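Just below is one structure, and these are the notes that go with it.
Please read these numbers as outputs of a predicted model, since none were measured by experiment. This chain uses plain numbering: 1 for the first residue, then up along the sequence.
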Amino acid sequence: MMATLQNFVDGRYVDAHGTATIDVVSPITEQVVAVSPVSDAADVDAAVQAAARAFPGWSRSTPSVRQAALLALADALDAHSDELVEAQHRDTGQPKAIIAAEEVAVGADQVRFFAGAARRLDGIASGEYLDGLTSSVRREPIGVVAQVTPWNYPLMMAIWKIAPALAAGNTIVLKPSDTTPESTLVLASLTKGVLPDGVFNVVLGDASTGQALVEHPVPGLVAITGSVRAGVAVATSAADRVARVHLELGGKAPAVVFPDVDVDVVAPQIAEAAFFNAGQDCTAVTRVIVHESVHDDLVAALVRAAEATTTGPDAGEGASYGPLNNARHFAAVQAVVDSLPAHATVVTGGHRVGGTGFHFAPTIVTGVRQDDDVVQAEVFGPVLTVQSFGTADEALALANGVPYALASSVWTDSHTTAERFARDLDFGCVWINTHIPLAAEMPHGGFKRSGYGKDLSAYGLEDYTRVKHVMSAHASPRASS
């Protein structure tokens, strides 16, 4: 039975005011699985006002109260894993085991991290920095925050947004992607009885809904994970009212491979980091930059790893990855491959898998040049390019020579080389002899056109706070007798 979705506002599901709707389409069957409303400005305002009403009570709750609520939410995620998995699988087509392990279980762990972080905020020690005056610092919640999440990891990205915001004492209005709203709505239902009504609200809709949320005068911070285009629009709108912005806008991650590694050991790890979730991962390896002496050997090993990677309607739950998210994105990825320059060679993949659904074969492209679109622009699909280098300086120039700066890796047996590249790779994350693992305790976020602000870690919590200086004079304000 096809679901008719509703917004979640002030602790309950409510119908949207507008009559426009969006069909949510399964990327496996290409059939409509749910109908979502397109929330309008009135719907957004209702959610924001609910969050504003809830803010005084939630923001003044003690850290222990917020911790207890987040721990209860983490337990609810674990207890309702099957429901969350089914909801997300309908919208994304991801293998269910991967959703359960990589989003629900990991998400619950991340919520537990922020439950602990709620009770430990760092700051400058109180003290006398001027004679006769004592200074202290208050780290306070911002207020109502607006959040916009993408379709590649719907549940995980929602958790990354809401957990630090809630731990810091903020209230939330979140808009999920129009193609993947269902797991976010299940998450919302799990907050009932755990969070006070109005603390967490969800509005469904399209880009116009997101625009109404971003432009609303009340939220003090807007956080988005999405495209550069969307991030620029959010930052521009927020600038008009001097609201804070948190942007995570994608990547073009290089894996720099030196000749002192065993390519047969390295290649399967790079391929997994490139093709996981159909390459719909902002930290995925998208560019291999390999020393010329082992270029051909690594390409051959990557091809073997790619051809051992499974996807498509016949792969079932044993698939290495699921489909691309939607028809428009599938067409965009295919267009990238179809428009490759003559000097580039598709050595494997480059085509649809199966007759139904948006499955795309793991693809490796050689012979590319640094100024090619496939090297410079984010594809966000299972497409991996390979370039060669002669010197370490050349490798760094190739790796850093793109507009994005989110994640990178270097593969070498040399401690000296690893330390140099950890310093000189211009990316928010540098992995050494691995690529893609994330820890709740460590920050995630990039530079340049990959945005600013950090998810995860204590730095992520700080992004959802404001700092207030309080100074007190020692002298009494009463006149001396």
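Expressed to the nearest 0.5 Å, how far CG of Leu213 lies from CG of Leu174 amounts to 8.5 Å. Rounded to the nearest 0.5 angstrom, His89 NE2 and Ser26 OG are separated by 7.0 Å. A distance of 4.5 Å separates CD of Gln94 from CG of Asn277, quoted to the nearest 0.5 Å. Here the straight-line distance linking atom CG of Leu456 with atom CG of Asp463 works out to 11.0 Å at 0.5 Å rounding. Asn326 contributes atom CG, which lies 11.5 Å from atom OG1 of Thr92 (distance to the nearest 0.5 angstrom). Note that CG of Leu249 is 7.0 Å distant from CD1 of Ile224, once rounded to the nearest 0.5 Å.
Among all heavy-atom pairs drawn from Val9 and Ala46, the shortest one is CG1-O, 3.9 Å. Residues Pro63 and Ala118 share a closest heavy-atom pair of CB-O, 3.3 Å. Between His435 and Ser409, the shortest heavy-atom distance links the atoms ND1-OG, 2.8 Å. Ala278 and Pro323 get closest at one heavy-atom pair: CB-O, 4.2 Å. Closest of all the heavy-atom pairs between Pro219 and Val48 is CD-CG1, 4.3 Å. The two residues Ser36 and Gly205 make their nearest non-hydrogen contact at OG-N, 4.5 Å.
Looking only at distances, a side-chain donor or acceptor of Asn170 sits under 3.5 Å from a matching main-chain atom of Ile142. A distance-only check finds no donor-acceptor pair linking the side chain of Arg139 to the backbone of Leu121 [under 3.5 Å]. Side chain of Gln269 to main chain of Thr434: no donor-acceptor pair is present (N/O by atom type, distance under 3.5 Å, no hydrogens or angles). With hydrogens and angles disregarded, a donor-acceptor distance shorter than 3.5 Å links the side chain of Ser450 to the backbone of Gly250. Side chain of Thr171 to main chain of Ala51: a donor-acceptor pair is present (N/O by atom type, distance under 3.5 Å, no hydrogens or angles). Remark: side-chain polar atoms of Lys454 are paired, donor with acceptor, to backbone N or O of Gly445 under 3.5 angstrom. A donor-acceptor pair under 3.5 Å links the side-chain atoms of Asn400 to the main chain of Asp424, judged by distance alone. The closest donor-acceptor contact from the side chain of Asn325 to the backbone of Pro27 lies at 3.5 Å or more, if one exists at all. Under a 3.5 Å cut-off, the side chain of Lys448 and the backbone N or O of Val402 do form a donor-acceptor pair. Distance alone, capped at 3.5 Å, places no donor-acceptor pair between the Thr180 side chain and the Pro176 backbone.
Inspection of the Thr310 and Ser320 side chains reveals an N or O donor paired with an N or O acceptor under 3.5 Å.
Counting heavy-atom neighbours within 6.0 Å of Arg12 CZ, excluding the residue itself, gives a total of 12 or less. Glu272 CD: 12 or fewer foreign heavy atoms inside a 6.0 Å radius. The local environment of CZ in Arg112 is crowded, with over 12 non-hydrogen atoms from other residues, nucleotides or ligands closer than 6.0 Å. The number of heavy atoms from other shown groups lying within 6.0 Å of CG (Asp373) does not exceed 12.
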Would you please test Gln280 and Leu324 for side chain to side chain contact (heavy atoms under 4.5 Å, CB included) and show each step? CA-CA 8 Å; Gln280 299 170 126; Leu324 296 174; 3.6 Å; yes
In sequence, state the C-alpha distance, the side-chain angles, and the governing distance for Phe275 and Ile364, and then conclude on side chain to side chain contact (heavy atoms under 4.5 Å, CB included). CA-CA 10 Å; Phe275 303 134; Ile364 297 174; 4.2 Å; yes
Working note: Leu425 + Leu396, criterion side chain to side chain contact (heavy atoms under 4.5 Å, CB included); need CA distance, chi angles, decisive distance, verdict. CA-CA 7 Å; Leu425 282 168; Leu396 279 168; 4.0 Å; yes
One pair to check against ring pair (Phe, Tyr, Trp, His ring centres under 6.0 Å): His444 and Trp160. What are the steps and the verdict? CA-CA 10 Å; His444 173 82; Trp160 283 19; 5.0 Å; yes
Between Val379 and Val333, is the side chain to side chain contact (heavy atoms under 4.5 Å, CB included) condition met? List the steps. CA-CA 6 Å; Val379 178; Val333 173; 4.3 Å; yes
Could you walk me through whether Lys192 and Asp197 pass salt bridge (Lys or Arg N to Asp or Glu O under 4.0 Å), step by step? CA-CA 7 Å; Lys192 183 67 175 175; Asp197 291 348; 3.1 Å; yes
Give the C-alpha distance, both sets of side-chain angles, the deciding distance and a yes or no for side chain to side chain donor-acceptor pair (under 3.5 Å) between Arg287 and Thr385. CA-CA 5 Å; Arg287 301 178 292 137; Thr385 64; 6.0 Å; no
Ser414 vs Asp260, test: side chain to side chain donor-acceptor pair (under 3.5 Å). Steps then yes/no. CA-CA 8 Å; Ser414 166; Asp260 56 1; 5.1 Å; no
Report the C-alpha separation of Asn7 and Ser39 in whole Å, then their side-chain angles, then the decisive distance to 0.1 Å, and conclude whether the side chain to side chain donor-acceptor pair (under 3.5 Å) test is met. CA-CA 8 Å; Asn7 293 334; Ser39 299; 2.9 Å; yes
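Note: Phe258 and Phe421 meet the aromatic proximity criterion, with ring centroids under 6.0 Å apart. Remark: aromatic rings of Trp151 and His329 are close, center separation under 6.0 Å.
Screening Lys96, Glu83, Glu103 for a side chain to side chain donor-acceptor pair (under 3.5 Å) involving Gln88 leaves a single residue, Glu103.
Using a cutoff of 4.0 Å between basic side-chain nitrogens and carboxylate oxygens, Arg420 and Asp393 are scored as salt-bridged. The pair Arg120-Asp122 counts as a salt bridge, with a side-chain nitrogen and a carboxylate oxygen less than 4.0 angstrom apart. Taking a cutoff of 4.0 Å between a charged side-chain nitrogen and a carboxylate oxygen, Lys468 and Glu140 qualify as a salt bridge.
Ring pair Phe8/Tyr13 is perpendicular by interplanar angle, where above 60° counts as perpendicular and below 30° as parallel.
The shortest side-chain heavy-atom distance between Val383 and Thr286 does not fall under the 4.5 Å cut-off.
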